Amino acid sequence: MLDGGNSRKWTRRSVTTNTQGRNKSGQCSDPRKLRQEILDVTVSTSATLNLNKIETSQYQQIQHFDIRQLIAQNKDLASLVTVIVFDTETTGFSRERDHIVEIALQDLQGGENSTFQTLVNPECRVLNSHIHGITTNMVNRPDVPRMEDLIPILLKYVKSRQKPGGCVLFVAHNARTFDVPFLCNAFRRCGVDIPSDWLFKDTLPMGREAMKSEGSKPSSRSISLQALREHLGIPLDGSAHRAMSDVKVLAAVFQRLTFMLKLPLASLVEDAFTASEIGTPKKKSSR
DNA sequence: TGCCAGGCCCTCTTTAGGGCCTT
């Protein structure tokens, strides 16, 4: 159920989300319309956010989820697992100092509402616009959601894609040391826990393994997302280093890698990690 | 003044160092 109750106050400032790659300014004052627009991901959306802490906490109370128990019980994983490829653009590499400026998701089961994309207001200057083309002026605006505005929407969107009693497998390139720590820190700053039924899969070691299986020396071939895309003959759709464009590339790369490595869904899920397994940053080593 | 990201993997290796990957 997406509504989650009717007694909440709708007082947050207006924001703009965009679920298909284009941002459109504008506001919506009707909460019911907001709900409809957030889920209507085949068109650009604009929204006034009215979600409060109480609503967010509803998602934090998800019961502990143990996918390994389901595997042991030989449950039909295809009917339980939602695979979502995602990518984040940030203000830099530091998970502590830098912030997310764009996030995009694609549910691999496809169909209506299968993609979600939005810019994120980092509330700081964007100094690496030369990388992704996202400028300070594009995101430091009242109609672009801050992370605390976005999290309830994101939780709702993912919940809307989730299968009853199932989990979500989020896939990203370098997920373990980049996207997931950034996501964890963004949630932590907002006082929200990553749901325990969110699992994560990193395609970086998959790419390394696939190259190895082809006989390449590990050090001789790049396993960056763009290098894998070129190697696998996948066309670039949009600009590299924009979140949705990279998500589309990664979705194709991920499916090719699972085929090359003959990885069944159970294996993918079993090797996945949870947000709680992402440790706190270590002190810089002496080397 | 010193720091400025962090984890994984490879090798000229494991009591270490350096490159890759993400923005």
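A, B, ... follow the sequence lines: proteins, then strands. Residue 1 opens every chain. Computed from a prediction, not measured in an experiment: that's the story for all the values here.
- Summarising the geometry, atom CG belonging to Asp87(A) is positioned 12.0 Å from atom CD belonging to Gln106(A); distances are rounded to the nearest 0.5 Å.
- A salt bridge is absent between Glu89(A) and Arg242(A): the closest approach of a Lys/Arg side-chain nitrogen to an acidic carboxylate oxygen does not fall below 4.0 angstrom.
- The residue His173(A) sits close only to the backbone: its heavy atoms come under 4.0 Å of sugar-phosphate atoms, none of a base.
- In this structure, Asp246(A) reaches the sugar-phosphate backbone alone: every heavy-atom distance under 4.0 Å involves primed, P, OP1 or OP2 atoms, never a base.
- Applying the salt bridge (Lys or Arg N to Asp or Glu O under 4.0 Å) test to residues at least two apart or on different chains, none of the pairs has a partner in residues 163-184 of chain A.
- A side-chain donor from one of Thr91(A) and Asp98(A) sits under 3.5 Å from a side-chain acceptor of the other.
- Residue Thr91(A) is out of contact with every strand shown, counting any heavy-atom pair closer than 4.0 Å.
- Within residues 224-236 of chain A, the residues having any heavy atom closer than 4.0 Å to DNA chain B are, in order of number, Ser224(A), Leu225(A).
- Distance check, rounded to the nearest 0.5 Å: CG of Asn113(A) to CG of Asp107(A) gives 10.0 Å.
- At the heavy-atom level, Asp87(A) lies under 4.0 Å from the strands shown only through sugar-phosphate atoms.
- Of the residues in residues 253-262 of chain A, none has a non-hydrogen atom less than 4.0 angstrom from any atom of DNA chain B.
- A close approach under 4.0 Å does not occur between any side-chain nitrogen or oxygen of Lys212(A) and OP1 or OP2 of dC9(B).
- Side-chain N/O atoms of Asn128(A) and base N/O atoms of dT23(B) include a donor-acceptor pair closer than 3.5 Å.
- OP1 or OP2 of dC4(B) has not a single side-chain nitrogen or oxygen of Arg97(A) nearer than 4.0 Å.
- Here Phe178(A) does not lie in a stacked arrangement on the base of dC21(B), lacking the combination of planes under 30° and ring centres under 5.5 Å apart.
- Separating the P atom of dA16(B) from that of dT23(B) is a span of 31 Å, rounded to the nearest Å.
- Within the 4.5 Å cutoff, the side chain of Asn185(A) has heavy atoms near those of the Glu96(A) side chain.
- Position along DNA chain B of the nearest nucleotide to Pro205(A) versus His132(A) favours Pro205(A) as the more 5'-ward residue.
- For Thr90(A) and dT22(B), the shortest distance from a side-chain N or O to OP1 or OP2 is not below 4.0 Å.
- Of the N and O atoms on the side chains of Glu123(A) and Asn140(A), not one donor lies less than 3.5 Å from an acceptor on the other residue.
- Between Phe93(A) and Phe182(A), the closest heavy-atom pair is O-CE1, 3.8 Å.
- Residues His173(A) and Thr203(A) bring a donor and an acceptor atom of their side chains to less than 3.5 Å of each other.
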